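Structure first, commentary second.
Note that the coordinates shown come from a computational prediction; the quantities given were computed from them, not determined experimentally.
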Amino acid sequence: MKKLVFSAVAALTLSMGFVSCGNDFLETDYFKGVDAEGAVNNADLVTTALTGVYNRLYDYRFAGNYAVSIGDIPTDLTYWNTKTGHWDGIYQYSFQTTDIYLSYIWEYGYKIVDNSARIIEAAEALYADATDDDKAILDVDLAEAHALRAYANLIMVNVFGHQVKVNGTDFSSQPGIVLSDGPIPAFENVTRASVGDAYVSINKDLNKAVEHFTAAGGDRGDKCVFTLAAVKGLQARVALYEEKWGDAATKAQEAIDEAGAAVSAYTEDAYAGLYAGGASNTESLFYLDINASQNWSANSCGTLWTTYSFSPSPKLQALYADTDVRKAIMDFDGTTTPTVPVYAAGKFAHASGNPACATNYLINASEMFLIIAEAKLKGNDAAGARTALLNVAKRNTAIASVDDLPQNDAELYAFIKDERARELFQEGLRLWDLRRWGDPAQVVAYNAPTVTFRSNNYDISKLVYPIPEDEINAGFGVTQTDGWQSNLPK
């Protein structure tokens with residue numbers, strides 16, 4: 001892997017063995033941390049070190065923006081008004097191997113993966129001789145570290161590998177990402193594992209997270225870090241991608257039950273109130289609290305969805321009925337025109353008035369109900385699908401009961417797909433939905449306010465982003481995906 005140097009804004013600053021100078025666990029040259037020698041020698045310090053891993057997750061170059069935005073920007077739900085050049089290469093499918101967004105997703109994803117491995121290694125070394133109280137702390141740390149690694153690997157295998165399943169067809173043998181159970185030593189040659197092996201690793205980590213939360217007797221009860229409910233929710237998402245319909249429905253229900261969560265915002269005021277920032281979203285299971293005192297300013301998601309030119313596409317806007325309360329956050333800036341729309345942030349701190357305060361709600365109850373609905377339908381339980389779906393669909397106040405939902409299976413499936421578009425917009429899931437469904441896709445919207453796309457029948461299931469050029473040129477064994485350019489829309 002390529003040589004990188006980085007720091008964290010945590011009390012303890014992690015270094016990445018496979019990319020840094022030497023094998024020190026802590027880098028304290030520029031920060032007032034503890035000495036590197038024997039630094040992580042108790043449970044509390046492991047917990048402190050874990051903060052550094054969350055810092056990497058929170059960063060705008062990963063889940064704070066780029067790793068989420070890439071799931072929305074190049075899809076049929078998004079419109080680029082051409083006024084700035086941010087993300088235009090991704091949006092127009094003109095990106096190259098030097099694309100900065102792809103490079104940062106790769107770089108920061110592996111920082112999370114490697115740092116999590118170091119947390120796991122340190123905690124396991126302390127565990128046998130720890131007191132019962134410290135074992136409880138270490139179990140929580142281990143659970144969160146395994147969950148963090150799973151989350152990062154899921155993002156990266158989706159971005160840099162083929163979708164594992166596409167409408168029943170298995171692509172698990174396709175090239176995926178670099179995997180390792182432990183830290184990768186500096187300058188060691190590595191190889192890309194398969195997509196299927198990546199999913200095996202992700203599931204292993206999520207199962208270990210559940211195991212350690214169970215051993216600890218619970219989690220921290222803080223939605224800004226991984227909890228048992230959030231892990232269950234991520235398990236449900238993974239199972240959905242693998243088309244393990246029974247597991248997907250079960251894990252999603254377990255996530256809802258564990259969190260005591262519900263979809264409850266059925267008025268415009270209540271729905272808008274979900275997006276005031278921080279804990280305002282009572283339906284969320286896991287979020288990054290990007291707020292007025294700690295945000296990414298120009299690099300925030302809210303800036304991307306305002307002054308950096310992106311807005312909901314005319315197609316998406318047309319999917320909302322006049323009676324849908326979700327239209328409450330479909331506001332546009334005063335400078336907008338029909339042909340040059342300027343959005344007002346939407347889910348990103350809509351009610352705060354400051355788009356830079358762009359709290360990212362990463363795993364939410366509504367997604368869980370939609371997973372149950374799709375999984376139940378694919379498992380030949382249409383009635384169960386409608387029951388789950390109603391929790392979300394009645395955000396359209398014209399829908400009051402399951403009788404108001406489609407009664408034909410094909411129409412119900414189409415409705416679920418559209419409901420995922422309506423409900424999950426700006427949550428970074430649309431691209432993976434389009435790829436796994438395998439339907440002909442519409443991409444690169446233009447000519448607002450009309451519904452027009454440059455490509456209307458793109459086989460988006462074949463889209464695989466290239467490995468960053470710097471990583472290939474580093475010469476440590478990571479190879480490029482053959483033919484990635486030939487699968488772009490013509």
Can you tell me how the ring of [X] sits relative to the ring of [Y], calling it parallel under 30°, perpendicular over 60° and tilted otherwise?
X      : Y      : value
His86  : Tyr308 : parallel
Phe171 : His162 : parallel
His146 : His212 : parallel

What's the spacing between [X] [atom1] and [Y] [atom2] if we round to 0.5 Å?
X      : Y      : atom1 : atom2 : value
Asp205 : Leu142 : CG    : CG    : 11.0 Å
Ile70  : Ile105 : CD1   : CD1   : 4.0 Å
Leu206 : Leu234 : CG    : CG    : 5.0 Å
Glu144 : Thr47  : CD    : OG1   : 8.0 Å
Leu126 : Ile137 : CG    : CD1   : 11.0 Å
Arg61  : Ile100 : CZ    : CD1   : 9.0 Å

Any donor-acceptor pair under 3.5 Å linking the side chain of [X] with the backbone of [Y]?
X      : Y      : result
Thr303 : Asn299 : no
Asn295 : Asn291 : yes
Tyr108 : Tyr66  : no
Lys251 : Lys232 : no
Asp219 : Leu228 : yes
Thr227 : Lys223 : no
Ser300 : Ala358 : no
Arg118 : Pro183 : no
Thr359 : Ile290 : yes
Glu471 : Ser103 : no

Please examine the side chains of [Y] and [X], heavy atoms only from C-beta on, and report whether any two atoms are closer than 4.5 Å.
X      : Y      : value
Tyr151 : Phe62  : yes
Phe348 : Asn360 : yes
Ile90  : Tyr465 : yes
Ser69  : Cys301 : yes
Asn391 : Ile372 : no
Ile460 : Leu431 : yes
Arg430 : Leu424 : no
Asn364 : Tyr287 : no

State whether [X] and [Y] are salt-bridged, where the test is any N-O pair (Lys NZ or Arg NE/NH1/NH2 against Asp/Glu carboxylate O) under 4.0 Å.
X      : Y      : answer
Asp59  : Lys111 : no
Asp433 : Arg436 : yes
Glu423 : Arg395 : yes
Arg237 : Glu367 : yes
Glu419 : Arg326 : yes
Asp139 : Lys135 : no

On a heavy-atom basis, which atom in [X] and which in [Y] lie closest, and how many Å separate them?
X      : Y      : value
Tyr320 : Ala421 : OH-O, 4.2 Å
Ala365 : Val263 : C-CG2, 4.2 Å
Ala249 : Lys376 : CB-CE, 4.5 Å
Ala43  : Asp141 : O-OD2, 3.6 Å
Leu274 : Asn281 : O-CB, 3.2 Å
Leu50  : Ile119 : N-CD1, 3.5 Å

With ring pair (Phe, Tyr, Trp, His ring centres under 6.0 Å) as the test, would you mind laying out the steps for Phe310 and Tyr343 before giving the verdict?
-> CA-CA 7 Å; Phe310 288 95; Tyr343 199 40; over 10 Å; no
Verdict with reasoning, Glu242 to Asn203, per side-chain contact (heavy atoms from CB on, under 4.5 Å) | CA-CA 11 Å; Glu242 293 182 292; Asn203 280 313; 3.1 Å; yes
Strictly under 6.0 Å, is that where the ring centroids of Trp432 and Tyr241 end up?
-> no
For side chain to side chain donor-acceptor pair (under 3.5 Å), just list the numbers for Asn207 and Gln235, CA-CA rounded to whole Å, side-chain angles, deciding distance to a tenth of an Å, and then say yes or no.
-> CA-CA 9 Å; Asn207 289 336; Gln235 285 181 312; 3.1 Å; yes
Indicate whether the side chain of Asp289 and that of Gln294 have a donor and an acceptor atom separated by less than 3.5 Å.
-> no
For the residue pair Asp170 and Ser172, confirm or rule out a side-chain donor-acceptor distance under 3.5 Å.
-> yes
Paired with Trp305, the ring pair (Phe, Tyr, Trp, His ring centres under 6.0 Å) test is passed by just one of Trp87, Phe425, Tyr275, namely Phe425
When you look at Leu377 and Trp245, which way does the side-chain contact (heavy atoms from CB on, under 4.5 Å) test go after all the steps?
-> CA-CA 9 Å; Leu377 181 61; Trp245 308 120; over 6 Å; no
Answer yes or no: does atom CG of Asp222 have more than 12 heavy-atom neighbours from other residues, nucleotides or ligands under 6.0 Å?
-> yes
Given the rule in the side chain to side chain donor-acceptor pair (under 3.5 Å) test, do Tyr361 and Glu283 qualify, once you have shown the distances and angles that lead to the verdict?
-> CA-CA 9 Å; Tyr361 300 102; Glu283 299 179 4; over 6 Å; no
Cation over ring face, Arg149 and Phe226, 6.0 Å, 45° |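 No, Arg149 and Phe226 do not form such a contact.
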Would you check, one step at a time, whether the test side-chain contact (heavy atoms from CB on, under 4.5 Å) holds for Asp404 with Asn396?
-> CA-CA 11 Å; Asp404 297 319; Asn396 177 355; over 6 Å; no
Assess whether side-chain contact (heavy atoms from CB on, under 4.5 Å) is satisfied between Leu389 and Phe415, documenting all intermediate values.
-> CA-CA 10 Å; Leu389 178 60; Phe415 186 96; 3.6 Å; yes
